[in-house]
Protein chains: 2
Amino acid sequence: MEFIKKYTQAHPHLVAVDCIVFGFDNEDLKILLIKRPIEPIKGQWSLMGGFVQEGESLDEASKRVLYMLTGLTNVYLEQLYTFGDIDRDPVARVISVAYYALIKIKDYDEKIVKNNSAEWFKVSNYPKLIFDHETMVQTAINKLRRKCRTQPIGFELLPEKFTIPQLQSLYEAILMQKLDKRNFRKKILSMNLLDKLSEKDKGNSKKGAYLYKFNKEKYEILTSKGFSFEI
Amino acid sequence: MEFIKKYTQAHPHLVAVDCIVFGFDNEDLKILLIKRPIEPIKGQWSLMGGFVQEGESLDEASKRVLYMLTGLTNVYLEQLYTFGDIDRDPVARVISVAYYALIKIKDYDEKIVKNNSAEWFKVSNYPKLIFDHETMVQTAINKLRRKCRTQPIGFELLPEKFTIPQLQSLYEAILMQKLDKRNFRKKILSMNLLDKLSEKDKGNSKKGAYLYKFNKEKYEILTSKGFSFEI
DNA sequence: CCAAAAGTGTTCAGCTTACACCCATGA
DNA sequence: TCATGGGTGTAAGCTGAACACTTTTGG
């Protein structure tokens, strides 16, 4: 690296990744926060993060951080934005690449989460966070809110099998608005992306609601024919 | 920084910014490319970029790079995505934060552009680029294509005064599709964001077309009342 | 006078929205 | 039997898409 430094006047920087982890508990949209494990400001609420290692890509770093926090792999994880203000971290200059993850809230490993002193908070009411982490969270919520209307990413927050009322309350939680039951059902079913199962989920009512599965193959075929998802 | 390094096992990285500069010549959507001025692979086409300096934020770095290339300040400039694969730059590991700029093509400083051995290329036909710069360009085009439909950013690519046919061909160039003249005019004028001037531009026809200006104040008032731009 | 671009309205189809009642079941 | 959430259809208004002729004027 020395010759590059001399040649280009390049100055190296610490680079971190921070993860905004979303979950849905059939009621509220939530984020997973940890109590900062290291000094300074140890014990304050924060996003889970970590430094990018030598020989590690940004995507790999974000997967590693998410795994350390939740024990999960193979989850929806997407780069959000890179935060690079000089004084964003008062301890040292750190450039942070934020990622957001959508997880099925029942899947995470409780032990690992507990070890990290992590907790779920409603996105409508979470504690004060260190540095610029609140900006990160807001940026992620905005992105999720926009993106869930045009891409079928909401399903990442639900179990594999889910009911239409469940899906509807997910959208209501993300978009922060009530939706019409009949119109919602009509719209989502008219896209032909959901396979109806014969099982019912009686967890939420005596009558029970039919379970559905998102059919990714159908989605990809339709997409390749010019279809676009829209709520 | 030493104590941080030891404490966190953090490894520092070279961080660069690269700029995708868009322009519109009333005909085609274009990008500004340079001939790489340094070894290795000197002379190959590339985006304009530069390393982030000590004490410089990412936004500042991108402004500096854009200024060095075009002589322009105060232009639309937005962070696009951060590219961090290990081997994206075969010379050294460099994490690159890509930005895209929308400039009024008549404004750039020709001398500076010439000094940089820079040239405009159609987005539909540009030369092979170094590293992952073609991915960056495609990502930027996709972003622009999506964003110009829901945010009034197209105006950044036109002179302050422009005609409706000019605006329409801009959208046609970005979206790569013909639009209906009457429907386009109806839609754009119904938003009440344009001020009609009494002057005409006769550059493109004998009859001449009325000039308009985008009224940012009106846009902000409408936006605060829940209006949203949509082409 | 003619070529070339600017400017102008209407109709139809499809989509979005609003809205109210019956069903199934466990307690 | 009753309380609770699940499931269903239709009408009205609005929006998007298709479409052709007149106007202006420089050469």
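Letters A, B, ... mirror the listed sequences (proteins, then strands); counts begin at 1.
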Here's a test for you: under side chain to side chain contact (heavy atoms under 4.5 Å, CB included), which of B/V65, B/L66, B/L58 qualifies with B/Y99? B/L58
Between B/Y212 and B/F214, is the ring centre distance below 6.0 Å? no
Any donor-acceptor N/O pair under 3.5 Å between D/dG16 base and B/K187 side chain: no
Which pairs with one or both residues in residues 201-229 of chain B pass salt bridge (charged side-chain N to carboxylate O under 4.0 Å, His left out), sequence neighbours excluded? B/E160-B/K213, B/D195-B/K218
Starting from the 5' end of DNA chain C, give me the residue, A/K181 or B/P165, whose nearest nucleotide shows up first. B/P165
Between C/dT17 atom C1' and A/E230 atom CD, what is the distance in whole Å? 16 Å
B/W45: which residues meet the side-chain hydrogen bond (donor to acceptor under 3.5 Å, both in side chains) condition with it, sequence neighbours left out? none
Tell me: CD1 of A/I164 to C1' of D/dG7, nearest whole Å? 11 Å
Any side-chain to backbone donor/acceptor pair from A/D25 onto A/K30? Under 3.5 Å, distance only. no
In whole angstroms, the gap separating P of C/dA6 from CZ of B/R185 amounts to 8 Å
Nucleotide N/O to protein N/O under 3.5 Å, stretch nucleotides 10-12 of chain C:
{"from": "C/dT10", "atom 1": "O4", "to": "B/K186", "atom 2": "NZ", "distance (Å)": "3.0"}

Could you give the side-chain donor-acceptor pairs of residues 139-148 of chain A under 3.5 Å, partners two or more places apart or in another chain?
{"from": "A/T139", "atom 1": "OG1", "to": "A/T135", "atom 2": "O", "distance (Å)": "2.7"}
{"from": "A/N142", "atom 1": "ND2", "to": "A/Q138", "atom 2": "O", "distance (Å)": "3.4"}
{"from": "A/R145", "atom 1": "NE", "to": "A/I174", "atom 2": "O", "distance (Å)": "2.8"}
{"from": "A/K147", "atom 1": "NZ", "to": "A/E78", "atom 2": "OE1", "distance (Å)": "3.2"}
{"from": "A/K147", "atom 1": "NZ", "to": "A/E78", "atom 2": "OE2", "distance (Å)": "3.2"}

To the nearest angstrom, how far is B/Q166 atom CD from C/dA6 atom C1'? 13 Å
What integer distance in Å separates A/Q177:CD from C/dA18:P? 11 Å
Between C/dT8 atom P and B/D180 atom CG, what is the distance in whole Å? 14 Å
Atom pair distance, as rounded to whole Å: CG in A/L194 and C1' in D/dG7: 16 Å
Can you list, by residue number, the residues of residues 196-209 of chain B that have a non-hydrogen atom closer than 4.0 angstrom to DNA chain D? B/K202, B/K206, B/K207
With a 6.0 Å cut-off on ring centres, are B/F83 and B/Y81 close enough? yes
Within the 3.5 Å criterion, strictly below it, is a donor on A/Y126 or A/W120 matched to an acceptor on the partner's side chain? no
Could you give the CZ-to-C1' distance, from A/F184 to D/dG9, as a whole number of Å? 18 Å
Any side-chain N or O of B/R182 under 4.0 Å from OP1/OP2 of D/dA18? no
So the salt bridge (charged side-chain N to carboxylate O under 4.0 Å, His left out) pairs with at least one residue in residues 126-139 of chain A (sequence neighbours excluded) are A/R88-A/D132
